[in-house]
Every structure is written in structure tokens, then in C-alpha cells.
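See structure below.
Since the structure is predicted, the reported quantities are computational estimates derived from the model, not experimental observations. All values below come from the heavy atoms of this structure, side chains included, with hydrogens, waters and symmetry mates left out. Quick note: residue numbers are just sequence positions, from 1.
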Amino acid sequence: MVWQIIIPVLTLIAGGIGGFFVGVYYLRKQLENMQNNPEMLQQMAKQMGYNMNKQQMGKVQQMMKKQKLK
């Protein structure tokens with residue numbers, strides 16, 4: 001009877017933790033791809049409402065490369 005409550009709660013917690021780590025991994029991969037693909041970075045900036053010229057794009061890429069993802 002108690003197991004009918006404990007198992008779903010533990011499953012929910014484990015799923016939440018697993019989903020968090022999968023999300024972090026996916027986000028890091030996307031950021032790494034943006035470092036190497038200026039078109040993808042430009043598209044993201046436009047979605048956020050920014051228009052960046054080539055000089056600004058270079059600065060952003062340089063900043064992203066300096067900041068190593070751990």
C-alpha cells in the first residue's frame with residue numbers, strides 16, 4: 001500500500017533529475033554548434049530582436065570561444 005505512493009514519487013524525482021541533465025547536455029551542444037556556425041548565431045540574435053553586423057558577430061563568437069563550456 002505504501003509502495004503505491006513511494007514508487008511514483010521516486011520515479012517522478014528521478015525523471016526530473018534525468019530530464020534536467022539531458023536538457024543541460026542539449027543546450028551545451030547547441031551553444032557549441034553556434035560557436036562554429038555564424039548563421040545559427042545570427043538567426044538566434046534575430047529571434048531575440050537584435051541585428052548584428054559582422055564585427056559584432058566576430059566579438060560574440062570570440063567571447064563564446066573564450067568562455068569554455070565545462
Side-chain angles (χ1 to χ4, degrees):
M1 189 87 133
V2 175
W3 291 108
Q4 291 177 347
I5 296 171
I6 293 175
I7 291 177
V9 170
L10 291 177
T11 304
L12 179 67
I13 292 170
I17 292 170
F20 172 77
F21 286 110
V22 169
V24 168
Y25 175 79
Y26 177 75
L27 182 61
R28 284 188 178 174
K29 283 294 179 188
Q30 288 296 98
L31 289 173
E32 287 175 8
N33 290 340
M34 281 186 213
Q35 287 178 0
N36 300 327
N37 189 351
E39 291 85 21
M40 195 176 197
L41 193 58
Q42 183 79 27
Q43 181 183 9
M44 183 191 71
K46 282 185 180 181
Q47 287 176 347
M48 292 172 45
Y50 295 108
N51 287 327
M52 291 195 281
N53 59 28
K54 287 187 179 189
Q55 184 181 12
Q56 290 169 328
M57 286 292 294
K59 284 183 181 180
V60 170
Q61 282 183 309
Q62 202 171 37
M63 182 183 68
M64 288 178 78
K65 285 181 182 177
K66 267 188 182 178
Q67 182 181 4
K68 299 233 177 191
L69 298 173
K70 295 177 182 178

Quiz item: Using links of under 4.5 Å between side-chain heavy atoms of ILVMFWY residues, direct or through other members, which residues join Met1 in one cluster?
Solution: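 Noted: Met1 shares its cluster with no other residue.
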With a cut-off of 3.5 Å and sequence neighbours excluded, list every side-chain donor-acceptor pair involving residues 2-19.
residue, atom, partner, partner atom, Å
Thr11, OG1, Ile7, O, 2.7

Quiz prompt | Separation of Gln42 CD from Asn37 CG (nearest 0.5 Å) | solution =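 That separation rounds to 11.0 Å.
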Practice problem: Output the distance between atom CE (Met44) and atom CG (Leu31), rounded to the nearest 0.5 Å. | Solution: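 Output value for this atom pair is 7.5 Å.
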Would you mind writing out the side-chain donor-acceptor pairs for residues 45-60 within the sub-3.5 Å range, not counting sequence neighbours?
residue, atom, partner, partner atom, Å
Asn53, OD1, Gln55, N, 3.2
Asn53, OD1, Gln56, N, 2.8
Gln56, OE1, Asn53, N, 3.0

Quiz item: Who passes side-chain contact (heavy atoms from CB on, under 4.5 Å) against Gln30, sequence neighbours left out?
Solution: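 By the side-chain contact (heavy atoms from CB on, under 4.5 Å) rule, Gln30 matches Tyr26, Asn33, Met40.
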